[in-house]
Number of protein chains: 2
Amino acid sequence: MSEAATAMPILTDSEIYDSIVAAILDHRLAPGTKLGEEKLGRAFGVSRTRIRQVLVRLAAEQIVVITHNRGACIASPTPQEAHEVFSARLLIEPPLIKAFVSAADTPRLHALQHTLHQEEQALHDGDWRAAVRLSGDFHLQIAEGAHNATLEKILRELVSRTSLIIMAYDTPGKARRESHTCGCDEHEALFEAILARNAREASRLMKRHLQHLLDQISFKAREEQQTDLEFLFARS
Amino acid sequence: MSEAATAMPILTDSEIYDSIVAAILDHRLAPGTKLGEEKLGRAFGVSRTRIRQVLVRLAAEQIVVITHNRGACIASPTPQEAHEVFSARLLIEPPLIKAFVSAADTPRLHALQHTLHQEEQALHDGDWRAAVRLSGDFHLQIAEGAHNATLEKILRELVSRTSLIIMAYDTPGKARRESHTCGCDEHEALFEAILARNAREASRLMKRHLQHLLDQISFKAREEQQTDLEFLFARS
DNA sequence: TTGCACTGGATTGCATACAATCGAGTGCAT
DNA sequence: ATGCACTCGATTGTATGCAATCCAGTGCAA
């Protein structure tokens, strides 16, 4: 809360923006969280004016929702939105990985491999937050290597929103170890296909991977709450 | 300049945003145009504070560029960006029109047909601005009918940027009547395919249409200026 | 004429002040 | 006890003011 109020000389708007997005990618900032302007201002050591601009930008990217006279909250994607985000990713990422396969040079491949290893390591260490973040990085690095800044930016937004979706609808507790956090296997398979310069296979695997991610999300999380309410109604 | 300074009681941020975007879609606001805060504030009858928020949003959508201590200008897409925008549209719009073919109900088809007729009429009347705007509307209506708000928003941004690209790189003067403004024929063909519920054909035609749009853009516009400079250098 | 330092006006960056709005909590009436 | 009107603290919306920055135009020197 009073995270960085001291001894941080100057903080650019983008840095504030990045901090907030990073917190979301880390699953440290959950959907629905209130983002009070003054509170954030204190956290970053700047005034409301600048916070507000960052919030407006985040709202434009549908990462937060600003309600008139009621301020900003982290967006809570509806199941409908979740499906939209995934169908957008299904459209965009397979071609992106194809472009990556064609264009990626050796250092980029090494960087990707490094991320993959870090992800495995994080998972092995049980560092769940790092694993989630690195999993997103894996996808973003592929987008970076495709040399299309426009699509890359679009995917950035979609990945952030995916993070919110997972927070909102992940199957709670239970089989977390063998669920999406360990799409690591699939990331590994993707990397193999990339190394082999097999664009078609990489594209196919990407589709499957995203489909699996979507399948692992249970929209019952909210529905359960609804049924709970129904129970209450029935009893009263 | 002093457009609406009087007698406009209250103007919401979205309305200001919409006005500016509309001006771009109309080709009334060219790439590179300076957007002074106070000047805009006077035009809309509000203070810089609110203008600034709108500009931040437009910047997030890459429609304007904000340079530190130098304010906001309408973005001037580079040829690279232009290619990116078109490859993004080529990715997104064919599936979108397929979804439209599956999902569109009668009123929506009528609305689309109405837009098409208006476009033809505007072209016939020589109302060039209306024709350009309606041409964009045609694409956006298809996106609306595909029931994916996320992709629709993405396409909105891409269409705005396409408008800037055309302004920046359109083959000047000359064969304007038979160029993109009269992609009307192609829009008509698209509409036919939609009416026939022929999703595959519609998708194919959409790809061709976008490809034609891209082909009609001449990136020589800027290059000519450069060669002009080279001539000057050679002579001096 | 060309190059460079400087200055004044204009514009932006940012914080703050004030008005408007919300909603949790209180108290009263039923 | 329940419902309802009201008030007050907290938070947001918006305008304004001031400092920082830029840049066009001027003048001076080479």
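Just so it is clear: chains get the letters A, B, ... in the order the sequence lines come, proteins before strands, and each one is counted from 1. Hydrogens, waters and symmetry mates are skipped; everything else that's a heavy atom, side chains included, is used.
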For nucleotides 5-11 of chain C, tabulate all protein N/O to nucleotide N/O atom pairs closer than 3.5 Å, reporting atom names and distance.
none

State which residues pass ring pair (Phe, Tyr, Trp, His ring centres under 6.0 Å) with A:Phe138; sequence neighbours excluded, sorted by chain then number. A:His187
Any side-chain donor paired with an acceptor under 3.5 Å for B:Tyr17 and B:Gln53? no
Pick out which of B:Glu61, B:Glu81, B:Glu84 makes a salt bridge (Lys or Arg N to Asp or Glu O under 4.0 Å) with B:Arg161. B:Glu81
Between B:Leu164 and B:Ile24 the two heavy atoms that sit nearest each other are CD2-CG2, 3.6 Å
Between C1' on D:dT12 and CZ on B:Arg50, what's the gap in Å once rounded to a whole number? 13 Å
Interatomic distance, A:Leu35 CG vs D:dT12 C1' [rounded to whole Å]: 14 Å
Per B:Arg48 side chain, nearest of listed nucleotides D:dT14, D:dA15, D:dG17: D:dG17
Choosing from C:dC18, D:dA15, C:dC14, which nucleotide comes nearest the side chain of B:Ser47? D:dA15
Would you kindly give the NE2-to-P distance between B:His68 and D:dC23, to the nearest whole Å? 12 Å
Check the distance between C:dA15's C1' and A:Phe44's CZ and give it to me in whole angstrom. 18 Å
Can a side-chain donor-acceptor contact be found between A:Tyr169 and A:Gln216 if the only test is distance below 3.5 angstrom? no
Matching residue for A:His139 among A:His209, A:Arg156, A:Glu144 - test: side chain to side chain donor-acceptor pair (under 3.5 Å): A:His209
